[in-house]
*Asks:* 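Dumping the structure here so I can ask a few things about it.
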Amino acid sequence: MCKYRVQAYDPFGFKKLKDVWDKLYEGKDMTYFQSYDWYEIINSMIPLKGEVLYLVVSNGLQPILIAPLWILRRTFGFINKKGCYFFGRGGYTDYLNFIYKSFDPLALDAIFVYVRTNYGISRYFLECMPEYSASYQYIVRTKTVVKIHQSILC
């Protein structure tokens, strides 16, 4: 049986992820907007509210998924409800997604459990996900763990 482990990195620990990120970015669902280079740019624009996290899921010793997330513990403004968002939303991106070479649904489930356990958040606003991606298809098909909320930004 595989054991999934989630490790959190804040924006200051982002540079430690470059090698892992570049390997996972080779996946067929990835666009430029999941690249390390893109996140290096937006990492310099950390929002004043909420918490930015890069959650890395490993299966044993092998990292298999990175979730760049912005967590809001309180609602503020018109469109920023309490919940979990992709970091980079509202910017100049075509698509937002998790970073993975080969999609593993149990890795995504580990992210949802981690966020619920550590932040008490079970509401996700996963905007601008490419509909062809395996992660989007999994979320739409299961709908038991997370709800996708549409945004006026896309």
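Only a predicted model underlies this, so the values are computations on that prediction, with no experimental measurement involved.
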*Asks:* Is I121 close to I71 at the side-chain level, that is, under 4.5 Å between some pair of heavy atoms?
*Replies:* yes
*Asks:* Side chain to side chain contact (heavy atoms under 4.5 Å, CB included) for W38 and T31? Distances and angles first, verdict last.
*Replies:* CA-CA 10 Å; W38 177 253; T31 70; over 6 Å; no
*Asks:* Check L69 against C84 and note the closest heavy-atom contact, atom names and distance.
*Replies:* CD1-SG, 3.7 Å
*Asks:* So does M30 get a backbone contact from the side chain of N97, meaning a donor-acceptor N/O pair under 3.5 Å?
*Replies:* no
*Asks:* Is it the case that more than 12 heavy atoms not belonging to F12 sit under 6.0 Å from its CZ atom?
*Replies:* no
*Asks:* For the residue pair Y100 and S135, confirm or rule out a side-chain donor-acceptor distance under 3.5 Å.
*Replies:* yes
*Asks:* Is there a side chain to side chain contact (heavy atoms under 4.5 Å, CB included) between L55 and I66 once you walk through the steps?
*Replies:* CA-CA 6 Å; L55 299 180; I66 299 173; over 6 Å; no
*Asks:* Between D109 and Y4, does any side-chain donor sit less than 3.5 Å from a side-chain acceptor?
*Replies:* no
*Asks:* Which heavy atom in I111 sits nearest to a heavy atom in A67, and how many Å separate them?
*Replies:* CD1-CB, 3.8 Å
*Asks:* Can you see which heavy atom on K81 is nearest to which on R123, and at what distance?
*Replies:* CB-NH2, 3.1 Å
*Asks:* Tell me which one of Y9, W21, F87 satisfies ring-ring contact (aromatic ring centres under 6.0 Å, His included) with F14.
*Replies:* W21
*Asks:* With a 4.0 Å cut-off on N to O distance, would you call R73 and E51 a salt bridge?
*Replies:* yes
*Asks:* Please lay out, stage by stage, how V56 and L65 fare under the test side chain to side chain contact (heavy atoms under 4.5 Å, CB included).
*Replies:* CA-CA 6 Å; V56 179; L65 184 140; over 6 Å; no
*Asks:* Mind running side chain to side chain contact (heavy atoms under 4.5 Å, CB included) on V6 and V115 for me, showing each step along the way?
*Replies:* CA-CA 10 Å; V6 179; V115 171; over 6 Å; no
*Asks:* Do the two ring centres, one from Y39 and one from F33, sit under 6.0 Å apart?
*Replies:* no
*Asks:* Roughly how far, to the nearest 0.5 Å, is the OG atom of S58 from the CZ atom of R5?
*Replies:* 4.5 Å
*Asks:* Can the ring centres of F98 and F86 be said to be less than 6.0 Å apart?
*Replies:* yes
*Asks:* Looking only at non-hydrogen atoms, find the nearest pair between I64 and A107 and report the distance.
*Replies:* CD1-CB, 3.7 Å
*Asks:* If you measure only the distance, is there a donor-acceptor pair under 3.5 Å linking the side chains of D37 and Y32?
*Replies:* no
*Asks:* Kindly state whether the ring of Y85 and the ring of F125 have centres lying under 6.0 angstrom apart.
*Replies:* yes
*Asks:* Taking all atoms of both residues into account, what is the closest heavy-atom pair of I99 and Q34, and its distance?
*Replies:* CG1-O, 3.5 Å
*Asks:* Nearest heavy-atom pair of P11 and V52: which atoms, and what distance?
*Replies:* CD-O, 3.5 Å
*Asks:* Under the criterion salt bridge (Lys or Arg N to Asp or Glu O under 4.0 Å), I'd like the reasoning laid out for E40 against K18: C-alpha separation, chi angles, the key distance, then a yes or no.
*Replies:* CA-CA 10 Å; E40 191 171 39; K18 179 159 181 30; over 6 Å; no
*Asks:* Compute the centroid of each ring, for Y36 and then for Y25, and state whether the two points are separated by less than 6.0 Å.
*Replies:* no
*Asks:* Is it true that D19 and K23 have a side-chain N and a carboxylate O under 4.0 angstrom from each other?
*Replies:* no
*Asks:* Quick check for you: to the nearest 0.5 Å, what is the distance between Y114 atom OH and Q7 atom CD?
*Replies:* 9.0 Å
*Asks:* Does N59 use its side chain to pair, donor to acceptor, with the backbone of Q62 at less than 3.5 Å?
*Replies:* no
*Asks:* What residues form a side-chain hydrogen bond (donor to acceptor under 3.5 Å, both in side chains) with K28, not counting sequence neighbours?
*Replies:* none
*Asks:* Which distance, rounded to the nearest 0.5 Å, do you find between the OH of Y95 and the CD of E131?
*Replies:* 8.0 Å
*Asks:* Measuring from E26:CD to K101:NZ, what's the distance to the nearest 0.5 Å?
*Replies:* 4.0 Å
